[in-house]
2 protein chains.
Amino acid sequence: MPATIVEETCSGAEQELTQPAGFLLAQLGRAMTRRYRCALSPIGLKPRETHALLRLRDGGAMSQQALGVALDIDASNLVALLNDLESESLISRRRDPADRRRHVVEVSKRGTKLLSEVEHAAAEVEDDFFDALDDDERVALQGLLSRVARSADVPSPAEMAGEDSAC
Amino acid sequence: MPATIVEETCSGAEQELTQPAGFLLAQLGRAMTRRYRCALSPIGLKPRETHALLRLRDGGAMSQQALGVALDIDASNLVALLNDLESESLISRRRDPADRRRHVVEVSKRGTKLLSEVEHAAAEVEDDFFDALDDDERVALQGLLSRVARSADVPSPAEMAGEDSAC
DNA sequence: TATTGTTATACTCTATAACTATA
DNA sequence: TATAGTTATAGAGTATAACAATA
């Protein structure tokens with residue numbers, strides 16, 4: 001029996017293959033989202049909705065545009081997301097009296113209460129996902145990612161209109 | 001005039017808001033994928049396809065299942081992806097004589113040649129994305145992410161069938 | 001004229017189940 | 001019976017353009 005192929009296909013164990021950090025990041029991000037979705041679905045929230053609630057609670061009330069930039073989600077897609085949250089009374093939208101084009105978005109009391117339940121589930125997912133890292137390493141990772149996020153500033157598809165480069 | 005709201009909504013600059021590492025990871029992964037797509041589209045490759053080619057070149061020929069696990073992509077979705085790559089002669093599929101159920105996937109010569117072009121573009125994207133980090137920090141990030149990837153072992157949606165937990 | 005939010009739409013990605021051929 | 005690959009399909013996510021209200 002040709003052990004060669006068996007070893008190749010079944011290897012799995014310890015391939016020290018170094019893949020580009022970008023692809024690794026993209027892949028882990030997807031895996032993380034999948035786990036969030038799994039853990040949050042019984043509560044009735046999607047990962048993105050949860051992230052929005054967290055951001056609104058910790059960042060305070062803000063316009064939809066500001067929230068969109070913060071979550072790196074397109075403004076048009078944010079509308080539907082907020083509609084869902086609003087229909088369940090987890091957030092509120094009100095016109096900004098200073099600029100009536102704007103909607104000021106805010107977490108409701110009900111949303112805040114739900115967040116405590118959600119936060120526990122989410123923290124559990126993260127704790128499991130980052131199991132290989134000790135506390136110091138998790139802080140280090142968090143710091144590195146935060147700096148990347150702040151610098152990359154995530155041009156967000158909308159903000160790239162009118163540039164000479166493609167896309 | 002209510003300066004409160006103006007400051008809140010327009011802040012932008014330096015909010016030291018610490019978001020959960022998981023959501024940060026998911027968000028950056030999406031942003032990274034978007035940039036890959038932008039940079040790779042003129043070449044005619046999608047991020048996932050590029051990742052697959054890289055993995056096949058660096059990991060050697062393997063079965064579709066093994067590739068699916070490596071890329072954390074569902075086996076059924078992998079089929080279409082490989083069909084596209086094969087139709088452009090970038091990879092080849094051949095039956096494994098030892099187990100005729102399996103397809104051994106391999107990068108073609110043409111695929112390898114294309115990869116050198118692609119790698120340059122991808123590296124440029126990454127270099128720009130991780131601009132805030134110096135070389136040591138990039139290595140550190142890569143190491144942390146690699147360890148997470150290896151430990152989390154990414155259960156991949158398919159592998160979770162038959163467990164008592166939901167999802 | 002530019003910006004905020006909205007709607008509609010097309011496109012991609014992901015998840016699920018059922019089928020086949022091999023084992 | 002179980003596994004590798006395939007197909008089909010529904011669902012979630014994403015990108016794009018056009019529009020109304022307001023600045």
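Any value given below was found using the heavy atoms of this structure, including those in side chains, with hydrogens, waters and symmetry copies removed. We name chains A, B, ... by the order of the sequence lines, and we start the count at 1 in each one.
- Taking 4.0 angstrom as the limit, B:Gln64 places none of its side-chain polar atoms (N or O) nearer than this to OP1 or OP2 of D:dA4.
- In terms of phosphate contacts, A:Arg34 brings no side-chain nitrogen or oxygen within less than 4.0 Å of OP1 or OP2 of C:dT14.
- Looking at B:Ser151, its side chain never comes within 3.5 Å of a backbone N or O of A:Asp131 through a donor-acceptor pair.
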Check nucleotides 21-23 of chain D against the protein and report each pair of N or O atoms closer than 3.5 Å, with its distance, or say if there are none.
residue : atom : partner  : partner atom : Å
D:dA23  : OP1  : A:Arg100 : N            : 3.0

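- Rounding to whole angstrom units, CG of residue A:Asp74 and P of C:dT9 are separated by 17 Å.
- Sorted by first and then second residue, the ring pair (Phe, Tyr, Trp, His ring centres under 6.0 Å) pairs involving residues 37-72 of chain B (not counting sequence neighbours) are A:Phe23-B:His51.
- We find that CE of A:Met62 is positioned 12 Å from P of C:dG5, with the value rounded to whole Å.
- Rounded to a whole Å, the CZ atom of B:Arg102 is 17 Å from the P atom of D:dA2.
- Phosphate proximity of D:dG13 to B:Arg30: absent, as no side-chain N or O sits under 4.0 Å from OP1 or OP2.
- The distance between atom NE2 of B:His103 and atom C1' of C:dA21, rounded to the nearest whole Å, is 10 Å.
- Contacts of A:Ser76 classified as side chain to side chain donor-acceptor pair (under 3.5 Å), with partners at least two apart in sequence or in another chain: A:Asp74.
- Using a 4.0 Å cut-off on heavy atoms, the residues of residues 76-86 of chain B that approach DNA chain D are B:Ser76, B:Val79, listed by number.
- Going from atom CG of B:Leu71 over to atom P of C:dC13 covers 13 Å, rounded to whole Å.
- By the side chain to side chain contact (heavy atoms under 4.5 Å, CB included) test, A:Asp99 is found to be paired with A:Arg101, A:Arg102, residues two or more places apart in sequence or in another chain being considered.
- Rounded to a whole Å, the CD atom of A:Gln65 is 13 Å from the P atom of C:dT6.
- Legend: residues meeting side chain to side chain contact (heavy atoms under 4.5 Å, CB included) with A:Val79, ordered by chain and number and at least two apart, are A:Gln64, A:Asn83.
- Taking atom CG of A:Asp72 as the reference point, atom C1' of D:dG13 lies 13 Å away to the nearest angstrom.
- As a whole-Å value, the separation of B:Gln27 CD from D:dT14 P is 10 Å.
- For the side chain to side chain contact (heavy atoms under 4.5 Å, CB included) test, residues two or more places apart in sequence or in another chain that qualify with A:Ala52 are A:Leu71, A:Leu81, A:Leu85.
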I'd like to know whether A:Val107 forms a side chain to side chain contact (heavy atoms under 4.5 Å, CB included) with A:Leu54, so could you lay out the CA-CA distance, the side-chain angles of the two residues, the decisive distance to 0.1 Å, and finally the verdict. CA-CA 9 Å; A:Val107 206; A:Leu54 276 171; over 6 Å; no

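- Residue pairs satisfying the salt bridge (charged side-chain N to carboxylate O under 4.0 Å, His left out) criterion with at least one member in residues 107-119 of chain B, sequence neighbours excluded, are listed as follows: B:Arg57-B:Glu119.
- Residue A:Arg37 places its side chain closer to D:dG13 than to any other of D:dT3, C:dT6, D:dG13.
- Shown here are the side chain to side chain contact (heavy atoms under 4.5 Å, CB included) partners of A:Ala21, two or more places apart in sequence or in another chain: B:Phe130, B:Gln142.
- Taking 4.0 angstrom as the limit, B:Arg48 places a side-chain polar atom (N or O) nearer than this to OP1 or OP2 of C:dT14.
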